[in-house]
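Chain A is the first sequence line, chain B the second, and so forth, proteins listed ahead of strands; every chain is numbered from 1. All values derive from a computational prediction rather than experimental measurement.
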Number of protein chains: 2
Amino acid sequence: MTDSATTSSGKRDRLVESAKALIHEQGVHPTTLADIAERAEVPVGNVYYYFKTKDEIVAAVVDEHLQQVRALLARLDSRQTPRTRLKGLARNWADAAPAVAQSGCPLGSLCSELAKRADESPGASAEIFNVLLSWVEAQFRELGRRDAPDLALMLLSGVQGAALLSNTFGDPSVMTRQVRQLDRWIDSLA
Amino acid sequence: MTDSATTSSGKRDRLVESAKALIHEQGVHPTTLADIAERAEVPVGNVYYYFKTKDEIVAAVVDEHLQQVRALLARLDSRQTPRTRLKGLARNWADAAPAVAQSGCPLGSLCSELAKRADESPGASAEIFNVLLSWVEAQFRELGRRDAPDLALMLLSGVQGAALLSNTFGDPSVMTRQVRQLDRWIDSLA
DNA sequence: GTCTATATTTAGATAGAC
DNA sequence: GTCTATCTAAATATAGAC
């Protein structure tokens, strides 16, 4: 019903969810197909019925993240002003602080690992940050800032860098402190 | 001469340098001992004379980074004012933009990967960012800012996040733009 | 100290029964 | 569509000759 394949029920989705969680916790490379299958409660060999290679699972996880980001931004779009929309995004990150301290930003650490691959082109993971960056930029532009691209870069970088430090130190407060600071920074803009 | 072992010449250092470069380019997990040995022009089996495990090589690479950061900060300490010292650090990052766009920040991507490991404690890689953070904080305090810890976090996060985005997009200008912005931000502080 | 050959383990992937 | 059993390849690590 949801996609082209004639798949009956749940297993494919469970595998993607399992892979998503494990990749967040352990990283792409250390996560094995056996790990993924076990957590999804699917026999190992069966994985290959749904995905021809490990790369295909990773691609599905990236796509899942992309859809999730799109859904989040769509929800935020219902808010009245660009400022409240930006603050909603910030709030979202602050809420994720404990998970981020433990395993890093699910998007950031994934992109960090995928960017190292020999692929020439930016790849699908870049699209996630592209979507985020464009959206934030649009909010700043609506706030009347002509330097919207720079401001968007500053905000996203600030969050991603804090996520990395928070994870490195295993300390959620690093993330929350930085988000609070960025929140004030948004307020300070004309 | 340089360390406790009775090692005669070069090989250990070559292995660490090789590992450092490969880990930057490919990441920790994908880099094999065979890769490291080949690049260092040392036979594979011989690696185990210098390092008992792969983890030991990684630890040596982390330590190498730590020493390098300490040396950089020591050089910057010779500058006259805290502001010129901070700008020297920023300049250093801007110069690294091409390499960062290609393979990420050597420190950031390494910490990102190591933080995911099951280890409870922050580990040695956290010490690198600790040193950097403390140093930057000291500069801001010398500038008379009582919010020095927050400012230091903002600066380091801003750089690390930009490095991640720059690498994700494979675009050096993302890094240089952000550093320029942070440079202006430093100027704007009382 | 240096190196070759090899043991061990594990992960990705496939074949084919049901 | 589902699953078991297994092949193949590669990576870490060791034994032991020189």
Side-chain angles (χ1 to χ4, degrees), chain A residues 1-62 110 113-114 116-119 123, chain B residues 1-62 110 113-114 116-119 123:
Chain A
M1 210 73 149
T2 48
D3 68 324
S4 54
T6 48
T7 309
S8 54
S9 173
K11 284 195 178 157
R12 206 197 111 106
D13 289 344
R14 286 210 318 273
L15 284 169
V16 174
E17 273 309 306
S18 166
K20 190 174 149 197
L22 285 165
I23 284 173
H24 181 207
E25 291 163 18
Q26 309 181 329
V28 176
H29 207 121
T31 297
T32 71
L33 295 175
D35 290 341
I36 296 171
E38 185 184 23
R39 183 167 185 147
E41 292 181 282
V42 169
V44 221
N46 199 353
V47 171
Y48 288 91
Y49 174 74
Y50 299 97
F51 304 95
K52 273 194 281 294
T53 67
K54 181 180 177 180
D55 281 354
E56 264 192 29
I57 302 190
V58 174
V61 169
V62 169
L110 178 55
E113 215 176 333
L114 293 181
K116 300 234 174 200
R117 302 197 150 181
D119 309 327
Chain B
M1 212 74 149
T2 47
D3 69 322
S4 54
T6 46
T7 309
S8 54
S9 172
K11 283 192 178 160
R12 207 197 111 106
D13 290 343
R14 288 212 313 277
L15 285 168
V16 174
E17 273 309 307
S18 166
K20 190 173 148 198
L22 285 165
I23 285 173
H24 181 208
E25 291 164 17
Q26 309 181 330
V28 175
H29 207 123
T31 296
T32 71
L33 295 175
D35 290 341
I36 296 170
E38 184 183 26
R39 183 165 183 150
E41 291 180 285
V42 169
V44 221
N46 198 355
V47 171
Y48 287 91
Y49 175 72
Y50 299 97
F51 304 95
K52 274 193 281 293
T53 67
K54 182 180 177 181
D55 281 353
E56 265 191 28
I57 302 190
V58 174
V61 168
V62 169
L110 179 55
E113 216 176 333
L114 293 182
K116 300 233 175 202
R117 303 197 151 183
D119 309 326

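More than 12 heavy atoms of other shown residues, nucleotides or ligands fall within 6.0 angstrom of atom CD in B:Glu56.
Comparing C:dT2, C:dA13, D:dA11 by their closest approach to the side chain of B:Lys11 singles out C:dT2. Picking from D:dC3, C:dG12, C:dT4 the nucleotide with the shortest atom distance to the side chain of A:Pro43 gives D:dC3.
Contact between B:Leu15 and B:Ile36 at its shortest, heavy atoms only, is O-CG2, 3.7 Å.
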Output, in order, the C-alpha distance, side-chain angles, deciding distance and verdict of salt bridge (Lys or Arg N to Asp or Glu O under 4.0 Å) for B:Lys116 and A:Glu113. CA-CA 12 Å; B:Lys116 300 233 175 202; A:Glu113 215 176 333; over 6 Å; no
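Take B:Thr32 and apply the side-chain hydrogen bond (donor to acceptor under 3.5 Å, both in side chains) test, not counting sequence neighbours, and it matches B:Asp35.
Taking 4.0 angstrom as the limit, B:Tyr48 places none of its side-chain polar atoms (N or O) nearer than this to OP1 or OP2 of D:dA15. The shortest distance between the side-chain N/O atoms of A:Tyr49 and the OP1/OP2 oxygens of D:dT2 is not below 4.0 Å.
One atom, OH of B:Tyr50, and another, C1' of C:dG1, lie 7 Å apart when rounded to the nearest Å. Computed from coordinates, the B:Asp55 CG to D:dA11 P distance equals 17 Å when rounded to whole Å. The distance from atom CG of B:Asn46 to atom C1' of C:dT2 is 5 Å, rounded to the nearest whole Å. Rounded to a whole Å, the CZ atom of B:Phe51 is 17 Å from the C1' atom of C:dC3. Rounding to whole angstrom units, CD of residue A:Glu41 and P of D:dC3 are separated by 11 Å. The distance between atom CD of B:Glu38 and atom P of C:dC3, rounded to the nearest whole Å, is 15 Å. Distance NZ (A:Lys54) to P (D:dA10): 15 Å, rounded to an integer number of Å. Distance, A:Asp35 CG to C:dT10 C1': 11 Å, rounded to whole Å.
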